[in-house]
Amino acid sequence: MTSDLLQVSDAQVEFHVAGGVVRALDGVSIRVTPGETVAVVGESGCGKTTLARAVLGLQPLSNGKITLTGEEVRGTPRRLAERVGMVWQDPYASLNPKWRVGRSVLEPLYLSGRKGSPEKIFEEVGLDPRFVDRYPHQLSGGQRQRVAIGRALALKPPLVICDEPTAALDLSIRAQILNLLKDIQKSNGCSFLYISHDLTTVRFLADRVAVMYLGRVVEEGPTEQIFTDPRHPYTAALLESAPSLEKLMHLPEPPVGEVPDPKTRFIGCRFAGRCPNAADQCIGEDPPRTVEADRSYFCHLPVKTS
Ligand code: SF4
């Protein structure tokens with residue numbers, strides 16, 4: 001059995017807001033093994049980015065535990081830099097506009113008292129080494145994201161979190177960035193926690209997928225099983241609403257119904273108000289976790305497609 005690189009166990013994050021408490025993470029458990037890519041998918045506000053922030057030590061847990069390379073993560077982001085790198089959605093916002101990009105990629109090394117060559121890092125991410133003296137505004141969106149990836153990898157962390165890394169890029173550039181991530185993983189063996197609502201990129205990149213809904217992981221398993229044979233009705237609705245080549249002429253519809261107020265205290269399944277399969281049992285009882293081989297889901301009346 002492979003040991004886990006990242007283990008998130010029953011993680012809970014609460015935000016106190018006017019009118020109540022929002023549980024952004026409500027008992028989330030996820031694991032990532034060495035060299036694996038795990039994607040976290042779900043609609044906006046489901047808790048994906050809060051999960052990333054918690055793994056980075058930027059968001060304290062109100063309950064549960066996160067361990068990375070066997071050590072518990074506790075609000076010490078700088079100390080974590082050697083174990084986890086981060087690629088944000090908008091490379092322009094994540095690079096200091098007043099710094100030459102060569103300085104930006106070396107920042108993690110400086111902070112940990114090491115030296116390095118920006119040209120070498122640029123080569124590793126497919127950038128012309130002569131670009132080290134440029135400023136972010138002198139690069140294209142794809143080149144800036146390569147710089148951001150180079151910075152995330154500068155310390156060779158075993159885990160890199162990518163939060164919607166291609167969302168701000170043109171379609172043609174997205175493929176290049178995804179191929180770069182795959183190549184990097186092949187050459188240095190790192191793992192990715194890949195956060196996205198773009199299911200096409202998830203299917204291309206991920207080994208496993210965790211589907212989140214309102215602060216919980218409702219289904220988790222190997223990518224192809226999740227895409228071809230979903231068990232949870234929310235997963236099935238997400239896949240149905242995803243754009244595809246066949247549906248190019250139609251705007252994708254979001255899964256039916258409104259997302260409930262996140263301040264709601266749920267009794268029973270939190271997807272019940274939107275679920276086509278909902279029955280009395282779903283409204284009264286929290287669905288149990290069902291494990292089938294190497295996948296799991298929380299649903300009283302799962303979809304059976306094969
Ligand atoms: Fe739908 Fe019931 Fe399953 Fe919830 S538990 S997803 S309401 S079938």
Side-chain angles (χ1 to χ4, degrees), residues 8-15 20-31 38-51 63-64 194-200 202-203 206-244 247 252-306:
V8 178
S9 309
D10 208 17
Q12 209 173 77
V13 169
E14 290 182 343
F15 296 118
V21 176
V22 173
R23 278 205 178 147
L25 298 183
D26 192 5
V28 168
S29 296
I30 280 180
R31 59 194 174 79
V38 174
V40 181
V41 303
E43 293 163 284
S44 301
C46 70
K48 306 186 296 282
T49 298
T50 305
L51 175 64
N63 221 332
Y194 180 74
I195 291 170
S196 182
H197 65 272
D198 181 346
L199 297 179
T200 313
V202 165
R203 193 167 189 176
D207 301 302
R208 299 180 69 81
V209 178
V211 181
M212 283 190 74
Y213 184 71
L214 275 178
R216 281 198 173 167
V217 173
V218 295
E219 179 160 15
E220 190 273 331
T223 304
E224 274 317 293
Q225 279 186 35
I226 296 286
F227 274 82
T228 58
D229 193 17
R231 287 283 183 268
H232 198 284
Y234 178 63
T235 310
L238 263 190
L239 294 172
E240 184 57 33
S241 67
S244 67
K247 297 184 205 160
E253 297 286 339
V256 68
E258 295 286 318
V259 180
D261 183 341
K263 297 193 290 298
T264 310
R265 278 283 152 264
F266 294 96
I267 301 166
C269 174
R270 52 194 64 199
F271 189 55
R274 306 171 74 190
C275 179
N277 301 2
D280 289 350
Q281 183 188 16
C282 307
I283 295 157
E285 285 171 41
D286 215 0
R289 179 169 185 249
T290 303
V291 179
E292 282 177 13
D294 53 358
R295 64 158 29 179
S296 65
Y297 54 87
F298 292 81
C299 180
H300 290 298
L301 302 162
V303 180
K304 297 279 181 193
T305 55
S306 65

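When a ligand or atom number is given, it counts from 1 through the structure's own listing order.
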Whether Arg295 and Glu220 form a salt bridge (side-chain N of Lys/Arg under 4.0 Å from carboxylate O of Asp/Glu) is what I want to check.
no
Contact summary for Asp10 and Gly27, nearest pair of heavy atoms:
OD1-CA, 3.2 Å
To the nearest 0.5 Å, atom CG of Asp198 lies from atom CZ of Arg203 at 13.0 Å
Looking only at heavy atoms, is any part of Gln281 under 4.0 Å from ligand 1, and if so is it the side chain, the backbone, or both, or is it neither?
neither
Smallest heavy-atom separation, Val217 atom then Ser29 atom, equals CG2-O, 4.4 Å
Nearest-neighbour protein heavy atom for atom 2 (Fe) of ligand 1, which is reported as residue plus atom name and distance
Cys282 SG, 2.3 Å
Please state which protein non-hydrogen atom is closest to atom 1 (Fe) of ligand 1 and give its distance, to 0.1 Å?
Cys275 SG, 2.3 Å
Here the atoms of ligand 1 under 4.0 Å from any heavy atom belonging to Pro233 are 1 (Fe), 6 (S)
Protein heavy atom at shortest distance from atom 4 (Fe) of ligand 1:
Cys269 SG, 2.4 Å
Note: ligand 1 atoms sitting under 4.0 Å from heavy atoms of Leu301 are 8 (S)
Which heavy atom of the protein is the closest neighbour of atom 8 (S) of ligand 1, given with residue, atom name and distance?
Cys299 SG, 3.6 Å
Determine, for Arg231 against Glu219, whether the closest basic-nitrogen to carboxylate-oxygen distance falls under 4.0 angstrom.
no
Which of the numbered atoms in ligand 1 are below 4.0 angstrom from a heavy atom of His232?
6 (S)
Distance from atom 5 (S) of ligand 1 to nearest protein heavy atom, with residue and atom
His300 N, 3.2 Å
Does a side-chain N-to-carboxylate-O contact under 4.0 Å join Asp26 and Arg270?
yes
For a quick check under 3.5 Å, do Tyr213 and Arg274 share a side-chain donor-acceptor pair by atom type?
yes
